[in-house]
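Encoded as structure tokens, the structure appears first; notes follow it.
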Amino acid sequence: MPDNANRIVSTILEGLPFTVIAAVGGIALTIVLSLAAGLALLSRSRAVRVIARVYVEGLRGTSEVVQLFWLYFALPALVGLQLVPLYAGILVLGLNHGAYGAEIVRGAVRAVPRSQVEGALALSFTPAQRMRRVVLPQAFVEMLPPFGNLFIQLLKSTALLSFIQVTEIVQRGEQLRPTHGADLPFIYVVELLLYLVLALVITAVMRLLERAACRRIGREPVRNRFLGGVG
Amino acid sequence: MSNQSDPPMIRFDNVVKRFGDNTVLDGFTCRMAPGEFVTLIGPSGSGKTTILRLVMTLERVTDGLIEIDGSPLSHMHRGGKLVPADEKHLAGVRTRIGMVFQQFNLFPNMTVLRNITEAPVRVLGLTPAEADERARDLLDLVGLADKADEHPSRLSGGQQQRVAIARALAMRPDVLLLDEVTSALDPELVAGVLGLLGHIADTTDITFLCVTHEMGFARDVSDRVLMFDHGRVIEDAPPERLFTDPREERTREFLQAVVGRT
Amino acid sequence: MTWDWQFAANSVPLILQGLLVTLQITVLGSLVAYTLGLVFALVRRARIPVVDQLLFLFIEFVRSTPLLVQIFVLYYVFPSAFGIRMSAFVTGVIAIGVHYACYTSEVYRAGIDAVPKGQWEAATALSLPRRRVWTSVILPQAVPRVLPALGNYTISMFKETPLLLAIGVVDLVNAAKAAGNESYRFVEVYTIAGLLFLLLSYPASLLVRRLERRVEPV
């Protein structure tokens, strides 16, 4: 461990709050957009479906870096509104992963057996009640594992925010690089370990949610792969 | 119980149902009196379940008319004419009809009690306390008072089907549709569920429309039995007559095959 | 500021040069990911003690940490630590290739698992040598199933190549940035970059979806 290990660690740790805020904000936005776009993809209205489809394919079809640069460097020139880097980052993280999440929501809703909808229909639930009370709670369980993976992807994507000078973990590390050439291995190990810990936190939270959700519908939770033997 | 002079609870007038080129119901006409217990029998694919699904509005008629208690179900009045019903009209009539499914279709995301109270609260507007009381009375009736807080997946098939029956009754339907309700049950659980249904039929004035392969049950509880074949009713008679002295060759063959099998 | 068609047209040649680099990295990175992923899957299947656990941890580690940091490690740490000096381009191919190999290894594993057990037993009953079982019975059945998933990862790699601008690779986005820098206009260049991504990855994903319907994917 290098002599100035303390200084390096504390500098990189200063970036941690920004990484966490970006990830949490991005995840929150992802959840909202995934639900909205996912249900819109299943709408009876063709217009609504088309709009949702354009959003999903447009965001999945372009690179996240391009989206970030476009929002941060190009959009201000068009509308005269300069976004704070962190907000621009959260917006892109949410918009991008929301497009992937929309497909997760759509798939999970469609996987709920038709007989459940008929059971709800026979009890005269309205379409909205059928979705909210019967279909979504069951689809929710199916969504959790893929959403867990999506959130890990999102966490990894927060590193892109260093491209627009958000002082998150990677950006802090890069600030150290010119003057700490000999300590580079240490710097990157610290960064990687922080991401690993954050990823484990996300996995653990998702695992808890999954267990609770499985219990709610009286099903045995499935074991996850990562550290699956222990959990 | 059945009295043909009463205004019918359900009236089918020349009902046709096609799926693509496949005609599953070919001009079905029938009147069912309030409180009557009508059983539909016949080989699988003969259109029996389709009738239940049409009454439950899970399918739309291709042609013809279905009326519930004198007002159209499959259609509605608009500008002096009958036009195919829209979702709003269907939602209005649907509350009078209940259905018990072959596969129970209990909601796994709710406890037994919630399965029964959810629709009375959300659809009929009962207070939670009222719905709760109604549900517990029904759980008593079906013999599952101690299972109120269980998840459906922890119950046996027979218990799940009892909950499904309680759930349908909680809506106080005028018409209750029974779609092969014992087909998915282990043999030793069948008698209990059928006994419960017989008891309910005897003690309520609900009109029952039942599809079953349990001929003993059909014979015991039905007021009328309709024999279906290829989308048409080929025989319509009281059970004692139909089971002992079938007039149609196809009915005879079918009954022999069913009895021979069980 | 409005859209400048003239400027947009002038930037296209430069951006297309970047696209060529992006495509080269995507193709080469895919080759690395496809082969290394299969090697990972086969090694893990062999269940060699210690090697198996280490490889498992390596794969999970790579999948849980940002590709960008892995690129930095490869580019800045490897030369001094191991004396391996690579161009930014080669670094990019290897970083992306190894990163995605950790994903494709899972795909291969699922594909191999999906081959019915009876196929192994039949091959054993015929006394086929083990190598032969793999090459003529198992893999020919597993590979078609995994093609759609591999295709999806290639599309992902394509969209992640812009990360390499951090070490100076002049990919599609970096080229767009360079074109924009000349006159400090970015609307046109980044819009063109985005459209080029869409133009290539959307049809590609439609193709993968068609493939998914043809084979039984895992």
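Here the structure is a predicted model, which means the values were calculated and not measured.
Taking OH from C/Y202 and CZ from A/R60, the interatomic distance works out to 9.5 Å, rounded to the nearest 0.5 Å. Interatomic distance, CD of A/Q153 versus CZ of C/R63, reported as 8.0 Å (0.5 Å rounding). Atom CD of residue C/E60 and atom OG1 of residue A/T203 lie 8.5 Å apart, to the nearest 0.5 angstrom. Of the inter-residue distances, the one linking A/E191 atom CD with C/T65 atom OG1 reads 10.5 Å to the nearest 0.5 angstrom. To the nearest 0.5 Å, atoms CZ (A/F69) and CZ (C/F186) are separated by 9.5 Å. A distance of 8.0 Å separates CG in A/N149 from OH in C/Y103, rounded to the nearest 0.5 Å.
Of all heavy-atom pairs between C/K159 and A/S63, the closest is O-OG, 2.7 Å. The nearest pair of heavy atoms linking A/A77 to C/V187 is CB-CG2, 3.7 Å. Taking all atoms of both residues into account, the shortest heavy-atom contact from A/L196 to C/S64 is CD1-CB, 3.7 Å.
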*asked:* One pair to check against side-chain contact (heavy atoms from CB on, under 4.5 Å): C/F72 and A/V170. What are the steps and the verdict?
replied: CA-CA 10 Å; C/F72 286 149; A/V170 174; 3.7 Å; yes

*What's the verdict on side-chain contact (heavy atoms from CB on, under 4.5 Å) for C/H99 and A/K156, showing C-alpha distance, side-chain angles and the deciding distance?*
CA-CA 12 Å; C/H99 187 87; A/K156 287 159 49 177; 3.5 Å; yes

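Between chain A and the options C/L199, C/L195, C/T191, the largest number of non-hydrogen pairs under 4.5 Å is found for C/T191. The most heavy-atom pairs under 4.5 Å with chain C, out of A/V65, A/L192, A/L184, A/V66, come from A/L192. Interface summary for chain C: among A/G58, A/G173, A/A74, the most heavy-atom pairs under 4.5 angstrom belong to A/A74.
Atom CZ of A/R177 has more than 12 heavy atoms from other residues, nucleotides or ligands within 6.0 Å. By the 6.0 Å contact criterion, CZ on C/R214 is open, its count of non-hydrogen atoms from other residues, nucleotides or ligands being 12 or less. Summarising the local packing, CZ of A/R53 is surrounded by more than 12 heavy atoms from other residues, nucleotides or ligands at distances under 6.0 Å.
Using a 4.5 Å cut-off between heavy atoms, A/S162 contacts chain C through its side chain alone, with no backbone atom that close. At a 4.5 Å heavy-atom cutoff, the contact between C/L198 and chain A is made by backbone and side-chain atoms alike. Contacts between A/A199 and chain C at a heavy-atom distance below 4.5 Å involve the side chain alone, from C-beta outward. Using a 4.5 Å cut-off between heavy atoms, A/I152 contacts chain C through its side chain alone, with no backbone atom that close. Heavy atoms of A/Q67 lying under 4.5 Å from chain C are absent altogether.
In this structure, the side chains of A/F163 and C/L165 come closer than 4.5 Å at one or more pairs of heavy atoms. Looking only at side-chain heavy atoms (C-beta outward), C/P66 and A/Y195 come within less than 4.5 Å of each other.
Of the charged side-chain nitrogens involved, at least one lies within less than 4.0 Å of a carboxylate oxygen, so that A/E57 and C/R209 count as a salt-bridged pair.
A parallel orientation is assigned to the rings of C/Y76 and A/Y188, their planes being inclined by less than 30° (bins at 30° and 60°).
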